[in-house]
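We number each residue from 1, following the sequence as shown. Keep in mind that the numbers below use all heavy atoms, side chains included, and drop hydrogens, waters and symmetry copies. Values in this document were obtained by computation on a predicted structure and should not be read as measured data.
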Amino acid sequence: KVLNYSANKRVFMEKRYNIEKVNIPYGVLHDQKLICVKSEKNKLIFKFEIEVYEDDYPNPEIFNMYKNFKYCDMEVEMDDEPWNYFRLETCPDKHGKYKGISLNREDFLKVINNSSETTFIECSSTYGEFHIELCVDYYHSKKAYRKLKKYDMCRITIDAKNVTWTWY
């Protein structure tokens, strides 16, 4: 479902997906910067800053569809809170070992919103679970969060029905 509309001379495009029935095309969000994550009742809202370059899209139709947008809100409607999963992980070392920590939703919001930089890697859905992978960097974070600098990936699994992307 795609809705295009304008208000106050700003152009919006909204795409809503039922994650139980569709493979979500996330290509434009790949490597885009996460500005913040907010929690509102049963929703998590991921706000991204968007920069698209014509050279990255061999199909000019795709570039033209997104070239005027500067932001994207990815709103995920959650079902059952106990089944949601937030985790920070390191890359595997030369022995194939890695470390990770699990977070509750409140800690996840604090940790992700205090990273030096976070970028979108990918998302997928399987049987009502929405999976998101983010690349995180805590090197320039404030003292309390700098201890997380060994972690470079954030993996999120959300028990959800719908995800809505609003481009503006």
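Within the model, atoms CD1 of Ile101 and NZ of Lys150 stand 8.0 Å from one another, a figure rounded to the nearest 0.5 Å.
The side-chain hydrogen bond (donor to acceptor under 3.5 Å, both in side chains) test with Ser115 singles out one residue from Asn113, Thr118, Thr119, and that residue is Thr118.
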| Would Tyr66 and Cys72 satisfy side chain to side chain contact (heavy atoms under 4.5 Å, CB included), going step by step from the backbone distance to the final call? | CA-CA 10 Å; Tyr66 295 97; Cys72 177; over 6 Å; no
| Would Tyr85 and Glu129 count as a side chain to side chain contact (heavy atoms under 4.5 Å, CB included) if you check the C-alpha gap in whole Å, the side-chain angles of each, and the deciding distance to 0.1 Å? | CA-CA 10 Å; Tyr85 178 76; Glu129 289 183 344; over 6 Å; no
| side chain to side chain contact (heavy atoms under 4.5 Å, CB included) between Lys161 and Glu77, intermediate numbers included | CA-CA 6 Å; Lys161 285 187 182 176; Glu77 297 176 45; 5.6 Å; no
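Remark: the backbone N or O of Ile45 is not paired with any side-chain donor or acceptor of Asp73 at under 3.5 angstrom. Under a 3.5 Å cut-off, the side chain of His131 and the backbone N or O of Ser125 do not form any donor-acceptor pair. Under the 3.5 Å distance criterion, the side-chain polar atoms of Gln32 are matched with a main-chain donor or acceptor of Glu51.
For the side chain to side chain donor-acceptor pair (under 3.5 Å) condition, the pairs that include at least one residue of residues 38-47, sequence neighbours left out, are Ser39-Arg105, Lys43-Glu75, Lys47-Tyr168.
Here the side chains of Trp167 and Leu29 are in contact, with some heavy-atom distance below 4.5 Å. In this structure, Tyr57 and Val28 have side chains that are in contact, with non-hydrogen atoms separated by less than 4.5 Å. A 4.5 Å side-chain heavy-atom check between Ile35 and Tyr71 finds at least one atom pair inside the cut-off.
Among residues two or more places apart in sequence or in another chain, the ring-ring contact (aromatic ring centres under 6.0 Å, His included) test is passed with Tyr151 by none.
Val163 and Ile121 end up in different hydrophobic clusters when Ile, Leu, Val, Met, Phe, Trp and Tyr side chains are linked at under 4.5 Å.
Taking the six-membered ring where tryptophan is involved, the planes of Phe48 and Phe120 are perpendicular, since the angle between them exceeds 60° and thus also 30°.
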Exercise answer: donor-acceptor pairs, residues 134-143 side-chain atoms, under 3.5 Å, sequence neighbours excluded:
from: Asp137; atom 1: OD1; to: Tyr139; atom 2: N; distance (Å): 2.8
from: Tyr138; atom 1: OH; to: Val111; atom 2: O; distance (Å): 3.0
from: Ser141; atom 1: OG; to: Asn114; atom 2: O; distance (Å): 2.9
from: Ser141; atom 1: OG; to: Ser116; atom 2: N; distance (Å): 3.2
from: Ser141; atom 1: OG; to: Ser116; atom 2: OG; distance (Å): 3.4
from: Ser141; atom 1: OG; to: Tyr138; atom 2: O; distance (Å): 3.4

